[in-house]
Participant: 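Quick one: this structure, given as structure tokens, is what I'll be asking you about.
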Amino acid sequence: MPVNRNALIRYKTINKCLQNHYRQWTLEDLIVACSDALYDYEGIDKGVSKRTIQADIQLMRSDKLGYNAPIIVVDKKYYIYEDHDYSITNIPVTDQDLERLNETVEFLRQFKGFTHFKELDSMVQKLEDHVHAQKTDQDPVIDFEKNENLKGLEHLDSLYQSIIKRKAIQISYQSFKARQSSTFDFHPYLLKEFRNRWFVLGSKKEDGNLLNLALDRIIKIDKSDALYVPRPDFNASAYFQHTIGVSVLTNHPPSKVILFVTQKHAPYVLTKPFHPSQKLIDKNYYGITISLDVHHNFELEKDILGFGDGIKVIAPERLKRSIRERLSGGLDLYNTEISEPGLLTATRRLEHKGFSILKYIYTKREIRNIKRELHRHFKETNKHITDIKDLFKDIPSIKPLLFNQNLSKILKSICETPLLSEATYTERPNNSKEYLSWHQDFDFGKKENGNKQKSSFLVFIYLDDVDHKNGALGVVPGSHNKILSDAEIETIANNSIPYVCETPSGGLLLMKPLLLHAWQEPTSQMKRGVIKLGFG
């Protein structure tokens, strides 16, 4: 039974009225409501007859349209839904509807692949999948990519309405790098989705630079009194022409990127290109070489890194260097992982031998950050200080950089509640005779019955590679159990082969204070920065 548009308007109006439980609806009320709706939507001003509305109610009650609406009359006057939660919009799709949907799907499938109807592709698949699930009473056979926990989707409609109605808005926004949010007037021009994240492109003011804001970083959107500033010259296709993702480098020309892809990964790159500008340069037994004309942005690097060892940057040099550094940084995270057996061995060695060396405790990035803080301090004080006696007082910002997860884990394995008593920095070995001679530390840790407490220990953090050439520490294993006399020290030093504590940058030396030690006299001018922490 075909249903015309006027009838559908009446059904929806009657349904809307009966869902409103805050008033009672007589037949006359429903006639007025339907007449008003037809006038608003269709411009029909002749009204609706009583007979038409009575027929509509009977039809809605029946199974002819699949509604089976539970409409009853109370007090012989008022029309209501017996089920207060009922709505004709909640009814399941009928077999007849499914057939119509299936015909629609078949019709739309004809347009798949045409440029002008490219946007229909995913819609047709979703509709086709829905029809199949309804007809067979089975789970969907197509699972579209989605992120149920994606933030910011509640802002989509507000932004969409602002763009099509050309209205400025006020946005409260906080980027990942910002410590606090900021609020500003914003003129949106385009909504863009990239890999399940939504972004809005716009500007803060007239002739201002285009900004790309992630919806999941938007805190709030309010109305703005600012006059909307259009950008008639903005063309989305041209704007993103040389960009992978959403980070457009407007002040930089695109780069000629040349990549080698191994044979194993080549099919994935050929069937799903990085960018429309991708061209095949060479193909052989070992893999393929391709070129791209794109901006060097974060998304390009992320795509390249996603192939791991299956891809190599040939050009440009800046991109090659960046990828190499990021791969090295990733490997660094694995190299600096401390295993429980290794940590147990280190703490036992500290207890029995009086020292222990742990390599690769800090990543190269962490060491760079520590050095950066030292350099900043030297620059602010306008002098190069090779020794800092109270490191955390002079440079408090360096403390959280030193106490990373690895150091915290090491300290806890030695002592449950280690008490920090000193923190110093030395850039070059002290050349004094006392410093280069074999000695024990007496000015550190509390004494108990003439000996150091067991909880006392030292940590030397090496910011540079340290070996015998630039003044590494030499120690005599096992000499930490008591305070030695000068004669005993001389005897041990003359009859022992010392262990030279060499370690690469980012490593550390754990040492008991009474361990007999001496810094080796440097034979080169190599830099050697060491941070010394005392606990006990």
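No experiment lies behind these values; they were computed from the predicted model shown. Heavy atoms only: backbone and side chains are in, while hydrogens, waters and symmetry mates are out.
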Participant: Residues in side-chain contact (heavy atoms from CB on, under 4.5 Å) with Lys359, at least two apart?
Facilitator: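 Expected list: Ile357, Thr503, Pro504.
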Participant: Verify side-chain hydrogen bond (donor to acceptor under 3.5 Å, both in side chains) between Thr262 and His265, making sure each step is shown before the conclusion.
Facilitator: CA-CA 6 Å; Thr262 61; His265 295 83; 3.1 Å; yes
Participant: Backbone N or O of Ala226 within a donor-acceptor pair of the Asp185 side chain at under 3.5 Å?
Facilitator: no
Participant: Is the distance between the ring centroids of Phe194 and Phe199 under 6.0 Å?
Facilitator: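 For Phe194 and Phe199, the ring centres are not under 6.0 Å apart.
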Participant: Within 45 degrees of the axis of the six-membered ring of Phe240 and under 6.0 Å from its centre: does Lys192 put its NZ or CZ there?
Facilitator: yes
Participant: Within a reach of under 6.0 Å around NZ of Lys364, are more than 12 heavy atoms found that belong to other residues, nucleotides or ligands?
Facilitator: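 Result for NZ/Lys364: open.
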Participant: Under 3.5 Å, is there a donor on one side chain and an acceptor on the other for Ser397 and Arg376?
Facilitator: yes
Participant: Please give me the minimum heavy-atom distance between His155 and Ile218, naming the atom from each residue.
Facilitator: NE2-O, 3.3 Å
Participant: Does any part of the side chain of Tyr189, heavy atoms only, come nearer than 4.5 Å to the side chain of Leu210, both counted from C-beta?
Facilitator: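 Yes, close enough: below the 4.5 Å cut-off.
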Participant: Only one of Arg23, Lys50, Lys77 forms a salt bridge (Lys or Arg N to Asp or Glu O under 4.0 Å) with Asp29, so which one is it?
Facilitator: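 Single salt bridge (Lys or Arg N to Asp or Glu O under 4.0 Å) partner of Asp29 among Arg23, Lys50, Lys77: Arg23.
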Participant: Please check if the side chain of Thr271 supplies one atom and the backbone of Pro267 the other of a donor-acceptor pair under 3.5 Å.
Facilitator: yes
Participant: Can you find a side-chain donor-acceptor pair between Gln58 and Arg61 that sits under 3.5 Å?
Facilitator: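 Yes - a donor-acceptor pair under 3.5 Å links their side chains.
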Participant: For Glu373 and Pro396, indicate whether the former's side chain and the latter's backbone hold a donor-acceptor pair under 3.5 Å.
Facilitator: no
Participant: Ignoring hydrogens and geometry, is there a side-chain-to-backbone donor-acceptor pair from Trp198 to Ala214 under 3.5 Å?
Facilitator: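 Looks like no, no N/O pair under 3.5 Å.
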Participant: Counting neighbours of CZ on Phe184 that are heavy atoms of other residues, nucleotides or ligands and sit closer than 6.0 Å, is the number greater than 12?
Facilitator: yes
Participant: Step by step, work out the side chain to side chain contact (heavy atoms under 4.5 Å, CB included) result for Tyr67 and Leu59.
Facilitator: CA-CA 8 Å; Tyr67 290 161; Leu59 191 60; over 6 Å; no
Participant: Is there a side-chain contact between Ile221 and Leu159 in this structure, where contact means two heavy atoms from C-beta onward sitting under 4.5 Å apart?
Facilitator: yes
Participant: Can any side-chain N or O of His187 pair as donor or acceptor with the backbone N or O of Ala168 at less than 3.5 Å?
Facilitator: no
Participant: Determine whether a donor-acceptor pair (N or O, by modelled atom type, separation under 3.5 Å) exists between the side chain of Asn406 and the backbone of Tyr362.
Facilitator: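 Here the side-chain-to-backbone pair does not exist.
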Participant: Is the closest side-chain heavy-atom distance between Leu213 and Tyr173 below 4.5 Å?
Facilitator: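 Side-chain contact under 4.5 Å: yes.
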Participant: Thinking salt bridges, do Arg197 and Asp216 make one under a 4.0 Å N-O criterion?
Facilitator: yes
Participant: If we only count heavy atoms from C-beta on, is the Phe535 to Val459 side-chain gap below 4.5 Å?
Facilitator: yes
Participant: Decide yes or no for Asp36 and Thr13: does some side-chain heavy atom of the first lie under 4.5 Å from some side-chain heavy atom of the second?
Facilitator: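 No - every pair of side-chain heavy atoms lies 4.5 Å or more apart.
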Participant: Any heavy-atom pair between the side chains of Lys279 and Ile290 that's under 4.5 Å?
Facilitator: no
Participant: Going by an N to O cut-off under 4.0 Å, is there a salt bridge joining Lys409 and Glu340?
Facilitator: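 Salt bridge flag = yes for Glu340 with Lys409.
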Participant: Does the gap between the ring centers of Phe274 and Phe307 come in under 6.0 Å?
Facilitator: yes
Participant: Please check if any side-chain donor atom of Ser181 sits under 3.5 Å from a side-chain acceptor atom of Ser172, or the reverse.
Facilitator: no
Participant: Under 4.0 Å between a side-chain nitrogen and a carboxylate oxygen: does that hold for Arg195 and Asp303?
Facilitator: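 The answer is yes: the pair qualifies as a salt bridge.
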Participant: Of all the heavy-atom pairs spanning Glu366 and Ile361, show the shortest one and how long it is.
Facilitator: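 Closest approach of Glu366 to Ile361, heavy atoms only: OE1-O, 4.2 Å.
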Participant: Please say whether more than 12 non-hydrogen atoms of neighbouring residues, nucleotides or ligands are located less than 6.0 Å from CD in Gln405.
Facilitator: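 For Gln405, atom CD is not crowded (no more than 12 foreign heavy atoms under 6.0 Å).
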Participant: Are there more than 12 heavy atoms of other residues, nucleotides or ligands under 6.0 Å from atom NZ of Lys167?
Facilitator: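 No, the 6.0 Å shell around NZ holds no more than 12 heavy atoms from other groups.
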Participant: Any idea which heavy atoms bring Ile9 and Ala37 closest together, and the distance?
Facilitator: CG2-CB, 3.9 Å
Participant: How many angstroms lie between atom OG1 of Thr183 and atom CG of Asp222, to the nearest 0.5 angstrom?
Facilitator: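 Thr183 atom OG1 to Asp222 atom CG measures 8.0 Å (nearest 0.5 Å).
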Participant: If you draw a 6.0 Å radius around CG in Asp225, do more than 12 non-hydrogen atoms from other residues or ligands fall strictly inside?
Facilitator: no
Participant: Search all heavy atoms of Phe403 against all heavy atoms of Ser408 and return the closest pair with its distance.
Facilitator: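 Minimum heavy-atom contact is O-OG, 3.9 Å.
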Participant: Rounded at 0.5 Å granularity, tell me how far CZ in Arg365 sits from CZ in Arg326.
Facilitator: 8.0 Å
Participant: Side chains of Tyr11 and Asp56, heavy atoms from C-beta outward: is any pair under 4.5 Å?
Facilitator: yes
Participant: Taking atom types as modelled, find out whether Asn15 and Tyr81 have a side-chain donor-acceptor pair closer than 3.5 angstrom.
Facilitator: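 Indeed, the side chains of Asn15 and Tyr81 share at least one donor-acceptor pair under 3.5 Å.
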Participant: Does Ile57 form a side chain to side chain contact (heavy atoms under 4.5 Å, CB included) with Leu30? I'd like the steps, not just the answer.
Facilitator: CA-CA 10 Å; Ile57 292 173; Leu30 295 176; 4.1 Å; yes
Participant: Rounded to the nearest 0.5 Å, how far apart are OG1 of Thr289 and CG of Asn284?
Facilitator: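 Spacing of OG1 (Thr289) from CG (Asn284) equals 6.5 Å.
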Participant: Going by atom types only, do Ser322 and Glu301 share a side-chain donor-acceptor pair under 3.5 Å?
Facilitator: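 Side chains of Ser322 and Glu301: pair found under 3.5 Å.
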Participant: When you look at Phe392 and Leu402, which way does the side chain to side chain contact (heavy atoms under 4.5 Å, CB included) test go after all the steps?
Facilitator: CA-CA 10 Å; Phe392 295 155; Leu402 290 176; 3.6 Å; yes
Participant: Should we say atom CD of Glu82 is surrounded by more than 12 heavy atoms from elsewhere, each under 6.0 Å from it?
Facilitator: no
Participant: For His84 and His21: C-alpha separation, side-chain torsions, deciding distance, then whether side chain to side chain contact (heavy atoms under 4.5 Å, CB included) applies.
Facilitator: CA-CA 8 Å; His84 283 201; His21 308 302; 3.8 Å; yes
Participant: Flag this pair as yes if the NZ/CZ of Arg217 is under 6.0 angstrom from the six-membered ring centre of Phe176 and inside a 45 degree cone about the axis; otherwise no.
Facilitator: yes
Participant: What are the two closest heavy atoms between Ile461 and Leu508, and how far apart are they?
Facilitator: CA-CB, 4.2 Å
Participant: Between Asp293 and Lys256, is the closest basic N to carboxylate O distance under 4.0 Å?
Facilitator: yes
Participant: Is it true that a side-chain atom of Gln174 and a backbone atom of Ser182 form a donor plus acceptor pair closer than 3.5 Å?
Facilitator: no
Participant: Does the side chain of Tyr228 pick up a donor-acceptor pair with the side chain of Ser162 at under 3.5 Å?
Facilitator: no
Participant: Search all heavy atoms of Ile304 against all heavy atoms of Ile311 and return the closest pair with its distance.
Facilitator: O-CG2, 3.3 Å
Participant: Measuring from Leu401:CG to Leu407:CG, what's the distance to the nearest 0.5 Å?
Facilitator: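 One gets 12.0 Å once the value is rounded to the nearest 0.5 Å.
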Participant: Look at atom OH of Tyr286 and say whether more than 12 heavy atoms of other residues, nucleotides or ligands are closer to it than 6.0 Å.
Facilitator: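 Incorrect, the count does not exceed 12.
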Participant: Do other residues, nucleotides or ligands put more than 12 heavy atoms under 6.0 Å from the CG atom of Asp75?
Facilitator: no
Participant: When rounded to the nearest 0.5 angstrom, what distance separates CD1 in Ile14 from NZ in Lys16?
Facilitator: 13.5 Å
Participant: Rounded to the nearest 0.5 Å, what separates atom NZ in Lys165 from atom OH in Tyr160?
Facilitator: 10.0 Å
Participant: Just checking, any donor-acceptor pair under 3.5 angstrom between side chains of Thr243 and His295?
Facilitator: yes
Participant: Is the closest side-chain heavy-atom distance between Ser49 and Thr52 below 4.5 Å?
Facilitator: yes
